[in-house]
2 protein chains.
Amino acid sequence: MSAPKYVKPTESELEILRVIWDKGLASVRDVHEELSKTKDVGYTTTLKLMQIMNEKGLVKRDKSSRAHYYTAAVSREKTQKHLLGKMIDGLFGGSPGQLVLQALGNYKASETEIAEIQQLLDNLKK
Amino acid sequence: MSAPKYVKPTESELEILRVIWDKGLASVRDVHEELSKTKDVGYTTTLKLMQIMNEKGLVKRDKSSRAHYYTAAVSREKTQKHLLGKMIDGLFGGSPGQLVLQALGNYKASETEIAEIQQLLDNLKK
DNA sequence: ACTAATATACGAGTAGTTTCGTAAAGAGCG
DNA sequence: CGCTCTTTACGAAACTACTCGTATATTAGT
């Protein structure tokens with residue numbers, strides 16, 4: 001039984017994961033073209049990174065067609081949860097409340113989200 | 001006028017910053033002993049990192065006594081805000097509300113903090 | 001079948017982070 | 001002074017992240 005050890009995506013890997021999460025299924029070209037919109041990067045660089053991500057188990061690869069197709073092997077939610085936890089422990093003294101207060105104080109949430117948060121808080125309280 | 005360009009602390013640098021933030025003023029030995037409680041690291045490693053942090057402008061150094069004393073050159077709040085912003089943009093599609101919902105859903109906040117958050121939300125709403 | 005286009009594989013260079021050994025300087029004490 | 005303890009300085013190794021050039025393979029079009 002091998003432990004399903006958590007692999008922390010690097011900065012660049014996270015950018016790639018975001019594209020794959022959005023598209024669901026993506027070739028290297030798909031990802032590369034998306035990334036090219038906002039940054040200057042070579043095709044083979046993206047390819048290499050995705051190959052590494054495959055080795056690390058961050059993505060799965062379907063090699064059946066010539067252009068390999070990738071899907072995420074880690075969920076967006078799990079990744080968010082993990083990195084959030086790291087941040088809470090590392091930067092907010094283990095207090096999620098402090099993080100939330102900072103976030104809400106510095107960044108503007110939408111009306112509907114605010115309502116959602118209030119609802120969640122009400123549920124948490126009882 | 002030189003631009004006060006933001007320097008992103010590395011993982012290790014953040015651990016050191018945390019100690020300095022807590023203590024306000026700290027020698028290498030102070031920091032090292034604190035870090036030693038939770039991780040196995042050599043004294044000179046900590047020293048070197050703190051020297052680098054000084055060069056980067058993350059900390060200030062008082063060399064007047066034999067053991068140099070360090071203070072933080074970046075505030076905890078500014079750093080929290082910056083990294084939080086990066087996380088919101090990078091991992092939560094630019095939506096602070098999503099981050100907050102994830103945080104509150106997965107990590108338990110204290111009663112008093114929940115109350116604080118509710119109060120803040122009420123203020124935001126009007 | 002040949003060519004052009006486009007795909008993956010691979011190796012290696014560069015830069016940044018983290019590590020620590022060793023040296024040298026300063027302070028206190030017999 | 002001479003010894004020891006503690007400090008900073010420095011250099012380099014080990015490791016990781018990122019980058020891309022070049023080679024090779026596969027597909028489609030003519």
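Letters go in sequence order (proteins before strands), and every chain restarts at 1.
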Peer 1: From CG of A:Leu35 over to P of D:dT19, roughly how many Å is that when rounded to an integer?
Peer 2: 10 Å

Peer 1: Ignoring backbone atoms, test whether B:Tyr43 places a side-chain nitrogen or oxygen under 4.0 Å from the OP1 or OP2 oxygen of C:dG21.
Peer 2: no

Peer 1: Does the side chain of A:Trp21 reach to within under 4.5 Å of the side chain of A:Thr79, using non-hydrogen atoms?
Peer 2: yes

Peer 1: Of the nucleotides D:dT7, C:dT18, C:dG11, which has the atom closest to the B:Ser12 side chain?
Peer 2: C:dT18

Peer 1: Given C:dC20, D:dT19, C:dC10, identify the nucleotide with an atom nearest to the side chain of A:Gln51.
Peer 2: C:dC10

Peer 1: Tell me: CG of A:Leu58 to P of D:dA17, nearest whole Å?
Peer 2: 11 Å

Peer 1: Distance check needed: C:dT8 P versus A:Asp30 CG, whole Å only.
Peer 2: 10 Å

Peer 1: What orientation do B:Tyr6 and B:His82 show, parallel under 30°, tilted 30 to 60°, or perpendicular over 60°?
Peer 2: parallel

Peer 1: For DNA chain D, whose closest nucleotide is more 5', that of A:Glu11 or that of B:Lys63?
Peer 2: B:Lys63

Peer 1: Are the side chains of B:Val28 and B:His68 in contact, using a 4.5 Å heavy-atom criterion?
Peer 2: no

Peer 1: Which sits closer to the 5' end of DNA chain D, A:Lys56 or B:Leu47, going by the nucleotide each is nearest to?
Peer 2: B:Leu47

Peer 1: Is the phosphate of D:dA9 approached by B:Arg61 (side-chain N or O, under 4.0 Å from OP1 or OP2)?
Peer 2: yes

Peer 1: Consider the side chain of A:Arg66, meaning its heavy atoms from C-beta on, and name the nucleotide among C:dT18, C:dA9, D:dT27 that approaches it most closely.
Peer 2: D:dT27

Peer 1: Would you indicate what A:Thr45 reaches in the nucleic acid, counting non-hydrogen atoms under 4.0 angstrom: base, sugar-phosphate, or nothing?
Peer 2: base

Peer 1: Any non-hydrogen side-chain atom of B:Leu99 less than 4.5 Å from a side-chain atom of B:Leu84?
Peer 2: yes

Peer 1: Would you say B:Thr10 places a side-chain N or O within less than 4.0 Å of OP1 or OP2 belonging to C:dT18?
Peer 2: yes

Peer 1: Would the number of heavy atoms belonging to other residues, nucleotides or ligands and lying under 6.0 Å from CD of A:Glu77 be above 12?
Peer 2: yes

Peer 1: Between C:dT19, C:dA12, D:dC18, which nucleotide has the shortest distance from any of its atoms to the side chain of B:Leu49?
Peer 2: C:dT19

Peer 1: Please give, in whole Å, the distance from C:dT8 C1' to A:Tyr69 OH?
Peer 2: 14 Å

Peer 1: Quick one: B:Lys39 NZ to C:dC20 C1', roughly how many Å, whole number?
Peer 2: 13 Å

Peer 1: Heavy atoms under 4.0 Å, any strand shown: does B:Ile52 hit a base, just sugar-phosphate, or nothing?
Peer 2: base

Peer 1: Please report the distance, rounded to the nearest Å, between CD in B:Glu15 and P in C:dT17.
Peer 2: 15 Å

Peer 1: Measure from CZ on A:Arg29 to P on C:dT6 and round the result to the nearest Å.
Peer 2: 7 Å

Peer 1: If you define the side chain from C-beta out and look only at heavy atoms, does anything of A:Leu124 sit under 4.5 Å from B:Ile114?
Peer 2: yes

Peer 1: From D:dT7, C:dT18, C:dC20, pick the nucleotide closest to the side chain of B:Val41?
Peer 2: C:dC20

Peer 1: From the set D:dC20, C:dC20, C:dA9, return the single nucleotide nearest to any side-chain atom of B:Thr44.
Peer 2: C:dC20

Peer 1: Starting from P on C:dT18, measure out to CG on B:Leu14 and report it in whole angstrom.
Peer 2: 10 Å

